[in-house]
Chemist: 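First the structure, which I've put down as structure tokens, then a few questions once you've had a look.
For clarity, every value in this text was computed on a predicted model and none was experimentally measured. Throughout, protein chains are lettered first and strands after them, A, B, ... in sequence-line order, and every chain is numbered starting at 1.
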Amino acid sequence: MPELPEVETIRRGLEKFILNKKIIRTDILCEKSFHGTPLTGKVVALRRFGKALIIDLDNHNSLMIHLRMTGQLIYDSKDSDRFAAGHPSENFLASLPNKQTRVVISLDSGTLYFNDQRKFGFIKSMPTSEVENDTFIKKLAKEPWVMTEDEFYEKLQRHAKSPIKAVILDQSIICGLGNIYADEALFAAQIHPATPAGSLTKGQAKLLLESAREVMDKSIASGGSTMATYVKPDGTRGDYLEKFAQVFRRNGELCPRCQKAKIEKTRIAGRGTHFCPTCQKLGRTAK
DNA sequence: CTAGGATCCTGTCAGC
DNA sequence: TGCTGACAGGATCCTA
């Protein structure tokens with residue numbers, strides 16, 4: 001899915017459109033995509049926990065939305081603004097609902113479409129008081145901005161043999177990174193993604209934590225990462241990948257740092273992984 | 001307890 | 001053109 005910066009972009013954008021608006025009805029086009037009872041009521045807050053979006057209503061109920069790999073949220077307001085964010089595809093611009101639309105939430109101000117090609121994502125309703133007790137939410141670790149270097153380093157020791165990339169993708173260890181930002185943070189910190197987590201020095205751990213903050217800060221500031229079709233809340237396109245991504249999906253291109261090696265793509269922790277073989281050597285010691 | 005792989009599902013793309 | 005396998009911005013479940 002959209003990783004933390006994309007969900008934050010969605011949260012900020014949706015807030016402008018649906019805060020204080022009323023949900024009137026919900027149409028579930030795919031049973032698998034909606035858990036619990038559909039809700040009605042006025043939207044009083046939009047929150048985010050890691051990659052999960054929470055919509056709180058005035059009747060003490062909430063919707064939790066998980067986009068996973070291919071979820072999208074598209075909002076059509078009655079005065080014709082379209083907010084579209086999440087997994088990039090031309091669906092953002094297509095007429096709705098379409099083949100991938102799983103849930104349609106009608107508000108007094110417009111319509112919110114939940115699209116999800118692979119059906120991994122979902123919307124779940126629950127009492128607001130239960131949100132923080134939800135099994136998924138409870139497992140989430142701290143985000144990079146609030147985790148200390150010592151905490152992070154200590155966690156790495158507990159997964160000493162795992163490749164560092166697998167470790168930082170684990171939301172119960174550190175929360176918010178996905179496949180793009182994991183690769184980008186490791187490149188920024190000049191750490192090979194296959195490095196056993198336990199062999200990072202304290203200095204490397206600190207640098208990696210700071211790099212994770214930086215790449216995600218940059219992305220949030222630019223409206224989320226993008227493929228060609230990523231659209232920001234206001235209809236313009238996020239441009240993180242174009243402007244800032246150094247390695248993600250740039251295999252075969254010259255490394256932007258050393259200008260010597262080409263970016264390579266391999267498979268680590270079951271995920272496509274991009275890195276510079278010169279800048280990110282296995283076993284390289286911290287500078 | 002950790003570690004690694006399979007799995008959920010649909011669509012697209014490269015290579016016959 | 002049609003088929004096949006690999007892969008995809010995530011997380012969980014199962015096994016060792």
Chemist: How long is the line joining CG of A:Leu67 and P of C:dG10, in whole Å?
Modeler: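 From A:Leu67 CG to C:dG10 P: 11 Å.
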Chemist: Can you tell me the distance, in whole Å, between the CG atom of A:Asp183 and the C1' atom of C:dA8?
Modeler: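 The distance from CG of A:Asp183 to C1' of C:dA8 comes to 14 Å, rounded to the nearest Å.
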Chemist: Salt bridge or not for A:Asp108 and A:Lys78, using N-O below 4.0 Å?
Modeler: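 A salt bridge is absent here (no side-chain N lies under 4.0 Å from a carboxylate O).
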Chemist: For nucleotides B:dA3 and C:dG9, find the distance between their P atoms and express it as a whole number of Å.
Modeler: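 Roughly 24 Å separates the two P atoms.
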Chemist: Can you establish whether the number of heavy atoms outside A:Glu31 located under 6.0 Å from its atom CD is more than 12?
Modeler: no
Chemist: I'd like to know if A:Glu8 pairs up with A:Arg12 as an ion pair, taking the criterion as any Lys NZ or Arg NE/NH1/NH2 lying under 4.0 Å from an Asp or Glu carboxylate oxygen.
Modeler: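 Between A:Arg12 and A:Glu8 there is a salt bridge, with a charged N closer than 4.0 Å to a carboxylate O.
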Chemist: Looking at residues at least two apart in the chain, or sitting in another chain, which of them share a side chain to side chain contact (heavy atoms under 4.5 Å, CB included) with A:Glu143?
Modeler: A:Leu4, A:Arg48, A:Trp145, A:Cys175
Chemist: Just wondering, more than 12 heavy atoms not from A:Glu154 lying within 6.0 Å of its CD?
Modeler: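 Count over threshold, so yes.
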Chemist: How are the rings of A:Phe17 and A:Phe83 set to each other: parallel, tilted or perpendicular (split at 30° and 60°)?
Modeler: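 Aromatic pair A:Phe17/A:Phe83 classed perpendicular.
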Chemist: Can you give the first and last nucleotides of DNA chain B, 5' to 3', that have an atom under 4.0 Å from a heavy atom of chain A?
Modeler: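 Span of nucleotides near chain A: B:dT2 to B:dG11.
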Chemist: Separation of A:Lys218 atom NZ from C:dG9 atom C1', in whole Å?
Modeler: 19 Å
Chemist: What stems involve DNA chain C, if each pair must be Watson-Crick or G-U and both of its distances must be under 3.5 Å, with 3 or more such pairs in a row?
Modeler: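 When the pairs of DNA chain C are grouped into runs of at least three, the stems are B:2-8 with C:10-16, B:10-16 with C:2-8.
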Chemist: Tell me which one of A:Ile173, A:Leu209, A:Ile191, A:Leu177 satisfies side-chain contact (heavy atoms from CB on, under 4.5 Å) with A:Ile168.
Modeler: A:Leu177
Chemist: For DNA chain C, determine which residues of residues 154-176 of chain A have any heavy atom closer than 4.0 angstrom to one of its atoms, and list them numerically.
Modeler: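 Hits under 4.0 Å, by residue number: A:Gln171.
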Chemist: Mind checking whether A:His87 and A:Gln72 have side chains closer than 4.5 Å, heavy atoms only?
Modeler: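 Heavy-atom side-chain distance check passes, below 4.5 Å.
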Chemist: Apply salt bridge (Lys or Arg N to Asp or Glu O under 4.0 Å) to the pair A:Lys202 and A:Asp150, showing each step before the final yes or no.
Modeler: CA-CA 8 Å; A:Lys202 271 206 158 181; A:Asp150 289 341; 3.6 Å; yes
Chemist: Go nucleotide by nucleotide along DNA chain C from the 5' end; which of A:Asn179 and A:Lys139 gets its closest nucleotide reached first?
Modeler: A:Asn179
Chemist: Only counting residues at least two apart or in another chain, list the ones meeting side chain to side chain contact (heavy atoms under 4.5 Å, CB included) with A:Glu151.
Modeler: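 Only A:Lys142, A:Met147, A:Thr148 meet the side chain to side chain contact (heavy atoms under 4.5 Å, CB included) criterion with A:Glu151.
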Chemist: In whole Å, I'd like the distance from the CD atom of A:Glu184 to the P atom of C:dG9.
Modeler: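 The distance from CD of A:Glu184 to P of C:dG9 comes to 13 Å, rounded to the nearest Å.
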Chemist: From CG of A:Asn251 over to P of C:dG9, roughly how many Å is that when rounded to an integer?
Modeler: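 My rounded result for the distance is 12 Å.
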Chemist: Does A:His60 NE2 have over 12 foreign heavy atoms under 6.0 Å away?
Modeler: no
Chemist: Would you jot down, in residue-number order, the residues of residues 116-132 of chain A having a non-hydrogen atom under 4.0 Å from DNA chain B?
Modeler: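 Here the set is A:Gln117, A:Arg118, A:Lys119, A:Phe120.
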Chemist: Please find out if less than 6.0 Å separates the ring center of A:His66 from that of A:Phe136.
Modeler: yes
Chemist: For A:Leu112, run the side-chain contact (heavy atoms from CB on, under 4.5 Å) check against A:Val104, A:Ile23, A:Leu14, A:Ile74 and tell me which one passes.
Modeler: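 By the side-chain contact (heavy atoms from CB on, under 4.5 Å) criterion, A:Leu112 pairs with just one of A:Val104, A:Ile23, A:Leu14, A:Ile74: A:Leu14.
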